[in-house]
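Written out below as structure tokens is the structure these notes cover.
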Amino acid sequence: MTATLEPPDILSAEFARDPYAAYRLLRDEFPLVWHDAMQTYVISRYDDVQRAFKEPVFTSENYAWQLEPVHGRTILQMEGREHSMHRALVAPAFRGKALQEQFGPTIRRNSRELVDAFRADGQVDLVDAFATRFPINVIVDMLGLPRSDHARFHAWYTSIMGFLGNLAGDEAVAAEGLRTKDEFEQYMIPAIRERRANPGDDLLSTLCAAEIDGESMTDEEIKAFCSLLLTAGGETTDKAVTSLMANLVAHPEQLEAVRNDRSLIPAAFAETLRWSPPVHMIMRQPAEDVELSGGIVEAGRTVTCLIGAANRDDRRFDRPEVFDVLRADLDGSRAFSAAADHLAFCLGRHFCVGALLSLFEIEVGVNDLLDAMTDIRFADGAPPPESGVFTRAPSSLHLQFTPAAEERP
């Protein structure tokens, strides 16, 4: 009697321990599978996930129940002219040259301050001391909010990410996320109104003043964008720094290559986004019936796109299970644009508006870390396990190192 092959359960403990083995099975045997508990179709092949991100038939209406309860209505839910208008209002602040000129000093200062706090110690939990704090501190400072509120924003970030990753529906986690939404709104709305009255040279003032064809963003829309920026901008960079450094330390020859040629940092970041992306799944909702590998998705059904699976699809990448900073099938010139080969920032009209901010933060942060630490090794002698399902990275990264001689410019 032949045993019947069953699709992996993306909510199971086994999946959480090692989703990559499950991803292979899903891609090969169950490229389209219905998950009853989550009321969603699950897709895992590169071509299918790419289509879900690029084709207009796949909408982001699912964010009305997934994100709006904790963020308010954001640009991610918008389509057509409304989306184009709001993207045009916020995008200029995140373009490369303007971003580096206006906020480069803020990003460099925050990175240096965090690294200086442990650079002489010879050991560090990089998650707690750097990765989880760096992007949040940068966002607070970019918005022109008090630096004394760094810890408060870090707590809000943690709570909102808990809500968004609560696939199992834990009521306490959900309630905490909703409380955070109220606290964040009570903090931000007065700050937005004050900035409208007294604009400065910060990002919050830029958002308040942005106008196209006589249209500008409301207080609520700015608040929702700031909430989205806190989580989307924070989570991507937080987990990318952690995973990138863990990947390099686990591959010493590649670590040395990057140390000796810092122009490879973007390539190391791009390969990390492919091999161990911060966000492993994003949802979409087709407006009409769509045929994908394995069958038909009916209009209005939620589709969970497994980025972590698609980015390791051997139908698209050569030796996809191998971490290779120098891989030939990942175009570095497009890796942080809407035409990227990896799928970690989505594609098309909803491509991550903060991709260049994330890249700049990674370049600054990794440069500072490599300048401060030599002979970097895992404190426990082996790479730490990843954790998380919706977003994923090591929850701690204990490193030992030899402090480098400090050279101040």
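Computed from a prediction, not measured in an experiment: that's the story for all the values here. Reckoned from all heavy atoms, side chains included, excluding hydrogens, waters and symmetry mates.
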If you take all heavy atoms of [X] and [Y], which pair is closest and at what distance?
{"X": "Glu363", "Y": "Asn367", "answer": "O-ND2, 2.9 Å"}
{"X": "Gly365", "Y": "Ser111", "answer": "CA-OG, 3.6 Å"}
{"X": "Arg284", "Y": "Cys346", "answer": "NH2-SG, 3.8 Å"}
{"X": "Leu347", "Y": "Ala340", "answer": "CD2-O, 3.5 Å"}
{"X": "Val138", "Y": "Thr106", "answer": "O-CG2, 4.3 Å"}
{"X": "Leu359", "Y": "Pro266", "answer": "CD1-CB, 4.0 Å"}

Please determine whether a side-chain nitrogen of the Lys or Arg among [X] and [Y] lies less than 4.0 Å from a carboxylate oxygen of the Asp or Glu.
{"X": "Arg17", "Y": "Glu14", "result": "no"}
{"X": "Asp368", "Y": "Arg108", "result": "no"}
{"X": "Arg316", "Y": "Asp313", "result": "no"}
{"X": "Glu221", "Y": "Arg73", "result": "no"}

Quick one: are [X] and [Y] in side-chain contact, heavy atoms under 4.5 Å?
{"X": "Val297", "Y": "Leu292", "answer": "yes"}
{"X": "His280", "Y": "Thr391", "answer": "no"}
{"X": "Tyr187", "Y": "Glu183", "answer": "no"}
{"X": "Leu230", "Y": "Cys226", "answer": "no"}
{"X": "Leu306", "Y": "Tyr23", "answer": "yes"}
{"X": "Arg262", "Y": "Asp371", "answer": "yes"}
{"X": "Pro278", "Y": "Ser243", "answer": "no"}
{"X": "Leu369", "Y": "Leu126", "answer": "yes"}

I'd like to know if the side chain of [X] reaches the main chain of [Y], judged simply by a donor and an acceptor atom lying under 3.5 Å from each other, with no hydrogens or angles considered.
{"X": "Thr40", "Y": "Thr304", "result": "yes"}
{"X": "Asp202", "Y": "Met142", "result": "no"}
{"X": "Asn311", "Y": "His342", "result": "no"}
{"X": "Arg274", "Y": "Leu343", "result": "no"}
{"X": "Arg392", "Y": "Ala16", "result": "yes"}
{"X": "Thr374", "Y": "Thr402", "result": "yes"}
{"X": "Gln254", "Y": "Ala268", "result": "no"}
{"X": "Asp380", "Y": "Ala382", "result": "no"}
{"X": "Arg327", "Y": "Ala267", "result": "no"}
{"X": "Thr237", "Y": "Gly233", "result": "yes"}

Q: In sequence, state the C-alpha distance, the side-chain angles, and the governing distance for His71 and Ile160, and then conclude on side chain to side chain contact (heavy atoms under 4.5 Å, CB included).
A: CA-CA 8 Å; His71 284 313; Ile160 295 173; 3.7 Å; yes
Has [X] got more than 12 heavy atoms of other residues, nucleotides or ligands less than 6.0 Å from its [atom1]?
{"X": "Glu291", "atom1": "CD", "answer": "no"}
{"X": "Asp261", "atom1": "CG", "answer": "yes"}
{"X": "Glu298", "atom1": "CD", "answer": "yes"}

Will you find, in the side chains of [X] and [Y], an N or O donor that is under 3.5 Å from an N or O acceptor?
{"X": "Thr180", "Y": "Ser159", "answer": "yes"}
{"X": "His150", "Y": "Asp141", "answer": "yes"}
{"X": "Thr132", "Y": "Asp238", "answer": "yes"}
{"X": "Tyr20", "Y": "Glu321", "answer": "no"}

Q | salt bridge (Lys or Arg N to Asp or Glu O under 4.0 Å): pairs with one or both residues in residues 42-54, sequence neighbours excluded | A | Arg51-Glu55
Q: Just do the side chain to side chain contact (heavy atoms under 4.5 Å, CB included) check on Glu271 and Asn247 with the steps written out, would you?
A: CA-CA 10 Å; Glu271 176 66 344; Asn247 292 342; over 6 Å; no
Interatomic distance, [X] atom [atom1] to [Y] atom [atom2] [nearest 0.5 angstrom]:
{"X": "Asp318", "Y": "Leu330", "atom1": "CG", "atom2": "CG", "answer": "12.5 Å"}
{"X": "Glu256", "Y": "Ile376", "atom1": "CD", "atom2": "CD1", "answer": "8.5 Å"}
{"X": "Ile192", "Y": "Met188", "atom1": "CD1", "atom2": "CE", "answer": "4.5 Å"}

Q: Take Phe269 and Phe336 through the ring pair (Phe, Tyr, Trp, His ring centres under 6.0 Å) test and state the conclusion after the steps.
A: CA-CA 10 Å; Phe269 183 22; Phe336 304 97; 5.3 Å; yes
Q.
Using the rule given for side chain to side chain contact (heavy atoms under 4.5 Å, CB included), can you reason through Ile139 versus Phe153, listing the C-alpha separation, both sets of side-chain angles and the distance that settles it, and then say yes or no?
A. CA-CA 9 Å; Ile139 289 167; Phe153 273 81; 6.0 Å; no
**Q.** Centroid separation Phe401 to Phe378 less than 6.0 Å
**A.** no
Q.
Are Tyr46 and Phe317, when compared by the centres of their aromatic rings, separated by less than 6.0 Å?
A. yes
Q. Does the side chain to side chain contact (heavy atoms under 4.5 Å, CB included) test come out yes or no for Arg133 and His154, once each step is laid out?
A. CA-CA 7 Å; Arg133 302 185 184 279; His154 185 266; 4.1 Å; yes
Q: Would you check, one step at a time, whether the test salt bridge (Lys or Arg N to Asp or Glu O under 4.0 Å) holds for Arg179 with Asp182?
A: CA-CA 5 Å; Arg179 281 194 297 272; Asp182 291 339; over 6 Å; no
Q: Kindly indicate, with the supporting measurements, whether the criterion side chain to side chain donor-acceptor pair (under 3.5 Å) is fulfilled by Thr236 and Ser358.
A: CA-CA 7 Å; Thr236 301; Ser358 185; 5.7 Å; no
Run the side-chain donor-acceptor check on residues 28-38: report pairs under 3.5 Å with partners two or more places apart or on a different chain.
residue	atom	partner	partner atom	Å
Asp28	OD1	Arg315	NH2	3.0
Trp34	NE1	Asp36	OD1	3.2
His35	ND1	Met38	N	3.2
His35	NE2	Asp9	OD1	2.6
Asp36	OD1	Gln39	NE2	3.2

Q: Give the intermediate values and the outcome of salt bridge (Lys or Arg N to Asp or Glu O under 4.0 Å) for residues Arg377 and Asp375.
A: CA-CA 6 Å; Arg377 55 209 180 273; Asp375 188 28; 3.1 Å; yes
Q: Please step through side chain to side chain donor-acceptor pair (under 3.5 Å) for the pair Ser396 and Asp125, ending with a clear verdict.
A: CA-CA 6 Å; Ser396 62; Asp125 175 1; 4.9 Å; no
Q: Let me see the working for Arg147 and Asn110 under side chain to side chain donor-acceptor pair (under 3.5 Å), right down to the final yes or no.
A: CA-CA 10 Å; Arg147 303 196 82 212; Asn110 276 287; 3.0 Å; yes
